[in-house]
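For reference, the structure discussed in these notes is given below.
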Amino acid sequence: MSSKSESWGSRVGLILAMAGNAVGLGNFLRFPVQAVQNGGGAFIIPYLVCFLLMGIPLLYIEWASGRFGGKFGNHSTPYILDSMVKGRVLKYIGVFGIFTNVAVAAYYCYIESWTMSYVYHSLSGTFEGMSQTGVAEFFNSYVNVAESTTGIPYEAVIFYILCLILNTFILSKGLGGIEKVAKIGMPLLILFGVILAVRGLTLGTSGASDLFPDANAWDGLNFLWTPQYSSLLDLKVWMAAAGQIFFTLSVGMGTIHCYAAYIKPKDDIALNAVSAGFMNEFVEVVLGSMIVIPIAAGYLGLDWIIENAGFGMAFQTMPYLFQQWGPLLAALGGLFWFGLLFFAGITSSLAMGTPWMGFMRDEFNWNRNKGAWSFGALILIMGLPTVFFYNQGVFDEYDYWAGTVSLVVFAMFETILFSWIFGMNKGWAEINSGADIKVPLLFKYIIKFVTPILLIIIFLGSLFKPINNDWSGNFASLFSGNGWNLDNGSIIKTLTHAGIKEQIAMATDNQVIQ
Ligand code: PHE
Ligand code: NA
């Protein structure tokens, strides 16, 4: 059995593991789509403000809470919170920090398994000579498990199981295994990312293919990076920006607490937390915006992107665009792109396994093997509905509850607990103990007042999300006596059966991507 004093092998290992936890599919698949759907340059300012006022504070709160709990031999959020507020029922809030991971891992590992399969298909030349529609249809038949016209029967299920076995095996090796994967995966991810970004930036300004002679790779970048102030008053853009910050930094989940619980009590967190956080932001805003967007803009044009922005761009469009480079470079492009996504994914899904393992160890003294394989089995059971009913909106349901709502709820409670119940003076001392940098005092006040207030606003905002996400229209309607119409995606409406049914119907309609 692992000893209670297990800890990270080195500082580099810790930072890469934490950065690997944060850098994930969210950086490459979610960020560009959120940015495009929320007006490009209009999204960036709220996004950066949310990073400063909620992202960094939550990183500090979670790193500090985790290292604090670790001193008492605790490795999961219920126990870590218990060590901070002895004897109070608040520790049950920590259950969020286990549940969320299991539910997110179930659909996250499914996408991760697609990246494995797509590496295989890119190398074996499956996409050679396929039209854009052909590549898109390949994806549709891939996720339509029973149909499985991609050659291997039940291919999606097979890759999903392989992916889970791989995750479970690495988890069973403990922190050392996670550290090793991060040390190999993160540098490769950055290398692949830089190569693809350079390709994106050199596609030029005059239609990379004769298909759309006006297409211009730089249009995509200009769209993202020209700030627009008009949307600063649009609550919808702020909510989307905050949601992206939570998801991308992996805050509000419990994974950071768990990783931080293995930091030695006297080691720095102040510098490490921002280093890992900034590494994630570099990969997100630099690499995340310089691959899909300029490459798609170069071949298909900006209008196409704005119209088709979605998750499918990565799987339904990229393999086709790579084909324009000739067979050899297309195979390499596919290897780099899906390989990058795979490393981004696995270093994050490993993080999602640790809260469960830590809890089973704290509560039942389970060893690593038992912890890891029970996690794998649980994810398999929870994930099969997303695999078999992908086209029926199950996936979106998981993402909504686990990947969106639950993060905000947990982040709100843990912030209040840290700054007001544990107490901000104690909290500040904890953040600064062993610190290798001086954290600006301003953050003490941000963490105490600004972060919790913003989180409460966002929580209320998602409870009462108005119809069509039209905030100004609904405020006008409210003040003119016409009431407030809840959106089907608002938590309140979703909690009623009708909301769920309508949402699933909508998800099914939107499902298939151009
Ligand atoms: N931050 C990861 C991403 O950007 C997702 C993640 C969330 C990982 C929560 C671990 C925990 O993809
Ligand atoms: Na991320």
Side-chain angles (χ1 to χ4, degrees), residues 15-35 47 50-51 54-56 58-59 62-63 66 76-77 96-112 114-115 167 171 178 181-182 185-186 189-190 193 240-260 273 275-289 291-292 311 314 340-358 375 379 398-411 414:
I15 293 184
L16 287 179
M18 279 284 199
N21 170 352
V23 172
L25 300 169
N27 299 50
F28 296 98
L29 305 182
R30 204 172 185 277
F31 174 77
V33 173
Q34 290 293 320
Y47 174 86
C50 289
F51 175 60
M54 290 187 287
I56 294 182
L58 279 162
L59 287 175
E62 299 193 350
W63 280 70
S76 60
T77 44
F96 269 103
I98 297 168
F99 158 78
T100 315
N101 288 287
V102 174
V104 172
Y107 71 85
Y108 201 89
C109 289
Y110 187 37
I111 308 179
E112 194 178 311
W114 300 351
T115 69
N167 272 280
L171 282 172
I178 295 176
V181 174
M186 291 303 289
L189 178 157
I190 292 184
Q244 178 60 21
I245 281 295
F246 293 136
F247 192 86
T248 193
L249 290 175
S250 312
V251 294
M253 295 271 295
T255 53
I256 295 182
H257 304 77
C258 289
Y259 274 15
S275 308
F278 274 99
M279 206 184 283
N280 178 68
E281 290 315 296
F282 166 77
V283 174
E284 179 142 304
V285 297
V286 181
L287 299 183
S289 68
I291 302 176
V292 181
F311 201 66
L340 166 160
L341 290 180
F342 170 72
F343 286 125
I346 194 159
T347 48
S348 294
S349 58
L350 290 173
M352 296 174 200
T354 50
W356 169 267
M357 290 172 65
F375 175 74
I379 299 304
Y398 272 60
D399 185 47
Y400 176 73
W401 287 106
T404 315
V405 174
S406 177
L407 305 192
V408 176
V409 176
F410 184 58
E414 71 169 329

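As the structure lists them, so they are numbered: ligands from 1, and atoms in each ligand from 1.
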Donor-acceptor pair between S406 and T100 side chains, under 3.5 angstrom: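 Yes.
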
If only side-chain N and O atoms count, and only distance matters, is there a donor-acceptor pair under 3.5 Å linking Y47 with E281?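 Yes, side-chain donor-acceptor contact under 3.5 Å.
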
Once you measure the plane-to-plane angle for F278 and F51, does it fall in the parallel (<30°), tilted (30-60°) or perpendicular (>60°) bin?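 Judged by the thresholds at 30° and 60°, the geometry between F278 and F51 is perpendicular.
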
Angle between ring planes, Y108 versus F247, binned at 30° and 60°: parallel, tilted or perpendicular?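 Because their plane-to-plane angle lies in the 30° to 60° range, the rings of Y108 and F247 count as tilted.
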
So which bit of N21 gets within less than 4.0 Å of ligand 1, heavy atoms only: side chain, backbone, both or neither?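 The answer is both, backbone and side chain.
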
Counting only heavy atoms closer than 4.0 Å, does ligand 1 sit against the backbone of R30, its side chain, both, or neither?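 Contact part for R30 vs ligand 1: neither.
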
Please test F410 against T77 for side chain to side chain contact (heavy atoms under 4.5 Å, CB included), starting from the C-alpha separation and ending with a verdict. CA-CA 11 Å; F410 184 58; T77 44; 4.0 Å; yes

Hey, is T255 one of the residues with a heavy atom under 4.0 angstrom from ligand 1?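 Yes.
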
Heavy atom of the protein closest to [atom] (residue, atom name, distance):
atom: atom 6 (C) of ligand 1; result: S250 OG, 3.5 Å
atom: atom 9 (C) of ligand 1; result: M253 CE, 2.9 Å
atom: atom 2 (C) of ligand 1; result: A22 O, 3.2 Å

Just which atoms of ligand 1 are under 4.0 Å from any heavy atom in M352?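 It comes down to these atoms of ligand 1: 6 (C), 8 (C), 10 (C).
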
Numbering as shown, the atoms of ligand 1 that approach T248 to under 4.0 Å (heavy-atom distance):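 It comes down to these atoms of ligand 1: 1 (N), 4 (O).
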
Identify which protein N/O/S atoms are less than 3.0 Å from the Na ion (ligand 2).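 Under 3.0 Å from the Na ion (ligand 2) - ignoring waters, which are not counted - the protein N, O or S atoms are A22 O, N27 OD1, T248 O, T248 OG1, N280 OD1.
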
Got a second to check how far L171's CG is from S349's OG, nearest 0.5 Å?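 Nearest 0.5 Å value for the CG-OG distance: 8.0 Å.
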
Do any nitrogen or oxygen atoms of [X] lie less than 3.5 angstrom from nitrogen or oxygen atoms of ligand 1?
X: V23; value: no
X: S348; value: no
X: G26; value: yes
X: F247; value: yes

Stepwise side chain to side chain contact (heavy atoms under 4.5 Å, CB included) check, I178 with Y259: CA-CA 10 Å; I178 295 176; Y259 274 15; 3.3 Å; yes

Apply the test side chain to side chain contact (heavy atoms under 4.5 Å, CB included) to residues V33 and L29: give CA-CA distance (whole Å), side-chain angles for both, the deciding distance (0.1 Å), then the verdict. CA-CA 7 Å; V33 173; L29 305 182; over 6 Å; no

Applying the side chain to side chain contact (heavy atoms under 4.5 Å, CB included) test to N280, which of V285, T248, N21 qualifies?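 Of all the options given, the one that passes is T248.
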
Residue list, ring pair (Phe, Tyr, Trp, His ring centres under 6.0 Å) with F246, at least two apart or on another chain: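 Expected list: none.
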
Residue pair M18, I256: steps toward the side chain to side chain contact (heavy atoms under 4.5 Å, CB included) verdict: CA-CA 7 Å; M18 279 284 199; I256 295 182; 3.9 Å; yes

Quick one: closest heavy-atom pair of M352 and N101, and the distance?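 Nearest heavy atoms, M352 then N101: O-CB, 3.4 Å.
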
